[in-house]
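Residue indices begin at 1 and follow the sequence shown. Only heavy atoms go into these numbers, but all of them, side chains included; no hydrogens, no water, no symmetry mates.
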Amino acid sequence: MRNLILLLVCAFFSMQGLAIAANPIKVALILDKGGKDDKSFNSAASRGANEAKAKLGIDLKEIEANEDSLFEPAMRRFISKKYDLIVGIGVAQAEAIKKLSREFPDQKFAIVDAPVEAHNVVSAMFEEHIGSYLVGYIAGLKTTTGNVGFIGGVDGDLIRRFEKGYIQGVKAARPKAKVQVNYVGVSTDAWNNPTRAKELAMSQYRLGADIIFVAAGASNNGCFDAAEEEKKFAIGVDSNQNWIKPGRILTSMLKRVDTAVYEMISDAAKGQFKAGVKIFTIKNQGIDWALDEHNRALFTESDVNKISDLKAKLVAGKVAVVDYYKEKKAKK
């Protein structure tokens with residue numbers, strides 16, 4: 001009887017897979033200015049979408065919008081071509097999706113990093129402040145100068161959330177540590193300006209920082225170059241960026257955009273699209289830190305044990321981390 005049940009379950013999922021393959025949905029993925037080769041946020045989104053293409057047989061079209069003004073026209077083209085799901089990557093696409101979700105109530109949308117309340121939109125959100133706290137703790141644990149840095153991309157609420165969490169984590173490990181803070185810019189051009197990010201990183205290193213957490217999309221690469229030149233350390237973000245400058249990237253704050261994009265596409269492909277907000281946390285492995293062959297030698301067994309203990313406490317909710325979003329809302 002048990003074997004029969006297993007056979008029926010396997011048959012069900014096989015038939016579901018065949019149904020998807022026979023009627024592949026059309027998915028449009030719209031990336032922001034960083035582009036799919038940013039080795040960070042957009043790269044992760046592209047990776048998740050292409051995983052869906054490989055496993056689910058979806059019809060995928062990826063485009064890079066070089067200007068914010070291109071988001072809405074691009075979405076309109078995909079709507080006119082009867083795409084089943086349009087996925088916007090980044091908070092800058094929120095306004096276009098809000099507008100078009102009302103204008104085209106039968107069109108399905110997905111967005112990463114912005115909560116859009118509509119019956120036909122699913123939003124993927126992350127607990128960035130928790131991940132930033134974790135890598136901030138690592139920076140505070142590993143700094144030898146008591147002076148660390150943070151470089152954000154666009155100066156806005158999202159990256160302020162990273163900054164706030166990071167500073168709390170640094171102070172948890174080293175209460176008297178100094179944290180230098182800079183932003184690449186105030187427009188979305190900041191996601192793809194590695195030259196400016198390098199200038200800021202060089203300044204922070206020369207003012208005593210020995211570790212910099214950078215959350216700036218493709219601009220991260222400028223900070224990584226500075227870390228290599230100054231023989232200091234950087235912390236990457238979104239994807240595991242340890243491999244980019246092995247031995248100079250202390251760790252990466254993992255924000256599993258790839259998982260989020262894959263799950264949203266998979267739900268749509270299986271006819272299980274559900275509007276609302278999907279939150280990816282440290283509890284469900286949507287947030288983590290990266291330890292691999294590229295940075296393992298930088299950590300002692302004692303370091304890893306301390307970090308693991310902190311992570312367990314964060315998962316259990318035993319550490320209070322101030323959320324910039326909630327803090328700002330409370331002040332209004």
Residues Arg248 and Ala227: closest non-hydrogen pair is CD-O, 3.8 Å
Of His129, Lys326, Lys328, which meets side chain to side chain contact (heavy atoms under 4.5 Å, CB included) against Arg161? His129
Please write out which residues are connected to Val186 in a hydrophobic cluster, directly or through intermediates, given that two of Ile, Leu, Val, Met, Phe, Trp, Tyr count as joined at side-chain heavy-atom separations below 4.5 angstrom. none
Ring of Tyr262, cation from Lys55 - is the NZ or CZ under 6.0 Å from the centre and inside 45° of the axis? yes
Atom NZ of Lys26: over 12 foreign heavy atoms under 6.0 Å: yes
Is the closest side-chain donor-acceptor distance between Asp303 and Thr300 under 3.5 Å? yes
Any ion pair linking Asp189 and Arg196 (charged N to carboxylate O, less than 4.0 Å)? no
Please give the remaining members of the hydrophobic cluster of Ile249, linking ILVMFWY side chains under 4.5 Å, ordered by chain and number. Ile151, Val184, Leu200, Tyr205, Ile212, Val214, Phe224, Trp243, Ile244
May I ask you to check whether Glu163 and Tyr183 show a side-chain donor-acceptor distance below 3.5 Å? yes
Kindly give the heavy-atom pair with the smallest separation between Leu207 and Asn147, and that separation in Å. O-ND2, 3.1 Å
Anything under 30° is parallel, anything over 60° is perpendicular, the rest tilted; go ahead and classify Tyr166 against Phe150. tilted
Please give me the minimum heavy-atom distance between Arg174 and Gly140, naming the atom from each residue. CB-O, 3.8 Å
Is the distance between the ring centroids of Phe299 and Trp289 under 6.0 Å? yes
